[in-house]
Structures are given as C-alpha cells and as structure tokens.
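Notes for the one structure printed next.
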Amino acid sequence: MPHLTDPLTLATGSVLKNRFTLAPLTNQQSNEDGTASEHDLHWFEQLAAGGFTMLTTCATNVQSNGKSFTGQLGIFDDRHIPGLSAMAEIAHRRGALASVQLHHGGMFARQDLIGSGPLVGPSDDESSGARALTLPEVEQLRDDFIAAAGRAERAGFDGVELHGAFGFIPGGVPIPGQESPHGSLRRKPGRTLCLLREIIEGIRATCGPGFHIGLRLALSGQDPHLPELQDTVAVFLEHELVDYLDLVVRNLGTRVEVGLHTGQVLVDLFTDLPRGITRVGVSGDVMSAAGAQRALDQGSDFVFVASGAVVHHDFPHRALADQAYETPRPPLPASFFRNQGRSPAFVEYLDGSVGFVDAH
Ligand SMILES: Cc1cc2nc3c(=O)[nH]c(=O)nc-3n(C[C@H](O)[C@H](O)[C@H](O)COP(=O)(O)O)c2cc1C
C-alpha cells in the first residue's frame with residue numbers, strides 16, 4: 001500500500017511530492033471581472049506553504065455566460081492571465097503543482113451575473129429557464145474549453161481539471177450518471193464521450209506533452225445509472241484519455257443503495273477498475289490523517305482535501321506530523337475562519353449556502 005509521504009508521477013512526468021492535493025474550492029473572492037484578487041493569492045500561498053502538493057483552483061469559468069457565483073475566477077479572456085500566472089508562480093515557488101478547474105455553469109449559471117448572455121444547458125429546462133445549446137454553441141463551448149486550457153498553460157499552470165460533476169456541462173451534454181437531479185437532461189452517452197474526447201483531444205493538440213488533464217466526476221450510491229458511469233470510467237481508464245480522475249463521494253464508506261451493486265462500497269467499484277498510467281484521486285470527507293490513508297488503502301492514488309483545507313490550510317503538514325490528527329468539524333464560529341486567514345468574501349460564502357459557520 002502506498003503511504004501518504006510517497007511521491008507519485010503522472011503520465012506527463014509531473015511529480016506529486018506527497019499524496020495530498022487540494023480539491024477545487026469555490027471561495028467567491030476573485031475580482032468581479034474574473035481576475036484573481038489579492039485574496040486568491042494569499043489563499044494559494046497559505047495552501048502551498050501548508051504542504052499540498054497540487055493546488056486546484058476553484059471552479060473557473062471558460063465562458064462569460066457560464067458564471068455561477070459572485071467573485072468567480074475566470075479564464076475566458078486573456079486579461080485573466082496575469083492573475084493566474086501569479087497563482088501558478090506561488091504554487092511553484094513552494095514546490096507544488098497547479099491546476100485550473102475548468103467550469104461552465106450551464107443552466108446553473110446566474111442570469112444576474114451573465115447579463116444578456118443566454119442561459120443555456122444540455123436541454124431546455126423549465127425550472128431554470130435555460131434553453132438547449134445549439135450545435136454551433138456546443139462547438140463554441142468545446143473551443144472555449146480548449147482555449148481556456150491554452151490560457152492556463154500560458155499562465156504557467158501544470159494542467160487543468162475538467163469539471164464534469166454536479167450537472168455542469170463540460171462537453172455540452174451530460175456524462176452518464178452526472179445528470180443533475182434538478183433537470184430532465186438528455187441522455188446520449190455516445191455523444192457525450194465524443195464531445196469530451198473532442199475537448200481532451202483539442203487540449204492535447206494545443207498544449208504541450210507535460211500539460212496534464214484531469215476529469216472530475218461525482219459518484220452517488222443512489223444513482224440508478226451507476227453501471228453506465230462505471231462503463232464510461234472504464235473507457236477513460238482503458239484508453240488513458242486523462243492523466244487523472246477526481247472522483248467525488250460523500251464519504252469513503254458510502255455504499256451503493258440501488259441496482260446491481262447494492263451493498264458494495266461505492267468508491268471500490270471505480271478504484272478496482274483496471275487502470276494503466278491514469279491516476280485516481282478521491283475526495284469525500286477526508287478530515288483526518290487516518291481518513292487520508294484510508295483513501296489510499298481503498299485503492300486511490302492520492303486524496304483531494306476540500307472541507308479539511310477550509311478548516312486548516314496546512315492540513316497535509318498536520319496530518320503528516322500526527323497520525324491521530326483530525327480537523328474540527330464545521331460549523332465553526334466565523335472568528336475561527338477569520339483567524340485562519342480566510343477573506344471576508346470567503347467567510348460570507350461559508351456562512352451562506354455552505355453552512356460552515358456556526359450561528360452562535
Ligand atoms: C466551500 C466549498 C466549495 C467547493 N467548491 C467546489 C468547486 O469550485 N468545484 C468543485 O468541483 N467542487 C467544489 N466543492 C466540492 C469539493 O471539492 C469536494 O469534492 C467536496 O466538498 C467533498 O470533499 P470534502 O468532504 O473534503 O469537503 C466545494 C466544497 C466546499 C465545501
């Protein structure tokens with residue numbers, strides 16, 4: 001079994017110096033035009049100094065009409081490059097890799113943030129008012145994902161992660177098993193793979209061989225289409241389409257509740273699939289040193305830490321120093337997050353929909 005201190009090499013040749021990576025974390029602290037703020041730089045500085053071996057940005061939008069959060073980082077225009085370069089430089093100075101999570105909010109984009117831009121999704125959606133993308137728009141979206149990856153490379157990032165989880169639209173249509181519970185999205189697995197492949201092939205053709213591509217997928221024990229998602233992932237692994245998968249589970253012990261695999265540990269269905277050089281990282285309630293080691297014991301190559309990093313930006317250093325280390329669990333007082341150096345906008349976000357701030 002690998003240990004948390006073991007280095008790990010990606011197919012691109014990049015080396016993770018340990019097994020702790022930062023999961024993508026929205027923080028709503030970028031400038032309103034999508035450029036990185038001083039708070040973004042400070043946050044990256046804290047995380048890199050805290051021992052994370054790869055920092056992934058928050059969900060970063062590739063088209064102005066994909067904006068889903070106030071203060072969301074953007075990568076849809078060259079004006080975003082200088083701020084992104086500063087973020088990549090901070091990671092590299094501390095010996096960490098840096099990755100941009102490429103995102104389009106689709107029907108979850110906010111009309112008040114995208115102005116007159118059309119609200120679009122994989123299909124017409126009554127609840128949000130989004131209309132289905134036209135074919136030229138799907139092609140434009142594909143090109144904009146590729147262009148965004150090119151900007152990430154020019155900014156000095158080591159790679160990108162495609163956000164394929166939670167009903168967003170990395171390829172213009174949903175990935176089997178990734179449909180949002182809120183919409184009645186079309187299911188066209190063949191086309192989905194084809195679009196994702198076009199994005200991936202486009203990025204490979206645009207960016208150098210050392211530039212990595214990750215793909216984030218969310219797994220649910222209640223998903224009746226789990227076998228299809230497993231098949232999709234098997235195709236990705238067999239053809240080594242991406243350099244790593246970022247699999248999101250509620251927690252490492254979550255079991256399948258429906259269908260063929262009922263009772264089995266969800267993440268095992270995916271970490272047990274044969275894989276060549278593609279690396280697999282898992283995120284899901286890793287809030288302790290033991291939890292991180294458990295992820296490796298269950299067959300993942302590395303762990304993505306999200307909530308644990310919001311609580312302690314030096315989670316890796318603490319976990320490596322003490323096998324019994326565990327973070328305090330949110331909700332916690334706002335003063336706790338402020339004392340840890342989180343920005344006012346970040347704390348406000350944690351206090352809102354995220355529910356990390358204790359009311360008392
Ligand atoms: C404050 C916060 C912001 C998040 N932002 C993002 C994001 O921008 N992109 C994304 O894919 N996931 C996002 N997530 C999900 C996390 O990356 C992670 O997958 C999830 O929280 C489970 O990991 P954890 O149990 O370590 O928190 C966010 C989670 C939290 C708590």
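Ligands are counted one by one from 1 in listed order, and the atoms in each one are counted from 1 as well. Below, each value reflects all heavy atoms present in this structure, side chains not excepted, and no hydrogens, waters or symmetry copies.
Within the structure, salt bridge (charged side-chain N to carboxylate O under 4.0 Å, His left out) pairs that include any residue of residues 321-341 comprise Asp285-Arg329 (at least two apart or interchain).
Ligand 1 has no N or O atom lying under 3.5 Å from any N or O atom of Phe356, backbone or side chain. Taking only nitrogen or oxygen atoms, main chain and side chain alike, Arg216 reaches within less than 3.5 Å of ligand 1. In terms of N/O distances under 3.5 Å, ligand 1 is approached by Pro24.
Distances below 4.0 Å separate heavy atoms of Gln101 from the following atoms of ligand 1: 7 (C), 8 (O), 9 (N), 10 (C), 11 (O). Distances below 4.0 Å separate heavy atoms of Gly284 from the following atoms of ligand 1: 23 (O), 25 (O). Residue-ligand proximity, Ala23 to ligand 1, at heavy-atom distances under 4.0 Å covers atoms 17 (O). The atoms of ligand 1 that sit less than 4.0 Å from any heavy atom of His163 are 9 (N), 10 (C), 11 (O). Distances below 4.0 Å separate heavy atoms of Ala59 from the following atoms of ligand 1: 8 (O).
Here Ile114 sits in one hydrophobic cluster together with Leu119; the rule is ILVMFWY side chains under 4.5 Å apart, joined directly or through other members.
The aromatic rings of His163 and His103 sit tilted, their planes meeting at an angle between 30° and 60°.
At least one heavy atom of Val248 sits closer than 4.0 Å to an atom of ligand 1.
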Exercise. Please step through salt bridge (Lys or Arg N to Asp or Glu O under 4.0 Å) for the pair Glu201 and Arg142, ending with a clear verdict.
Key: CA-CA 10 Å; Glu201 281 163 13; Arg142 173 200 62 201; over 6 Å; no

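A salt bridge is absent between Arg279 and Asp243; no separation between the charged side-chain nitrogens and carboxylate oxygens falls under 4.0 Å.
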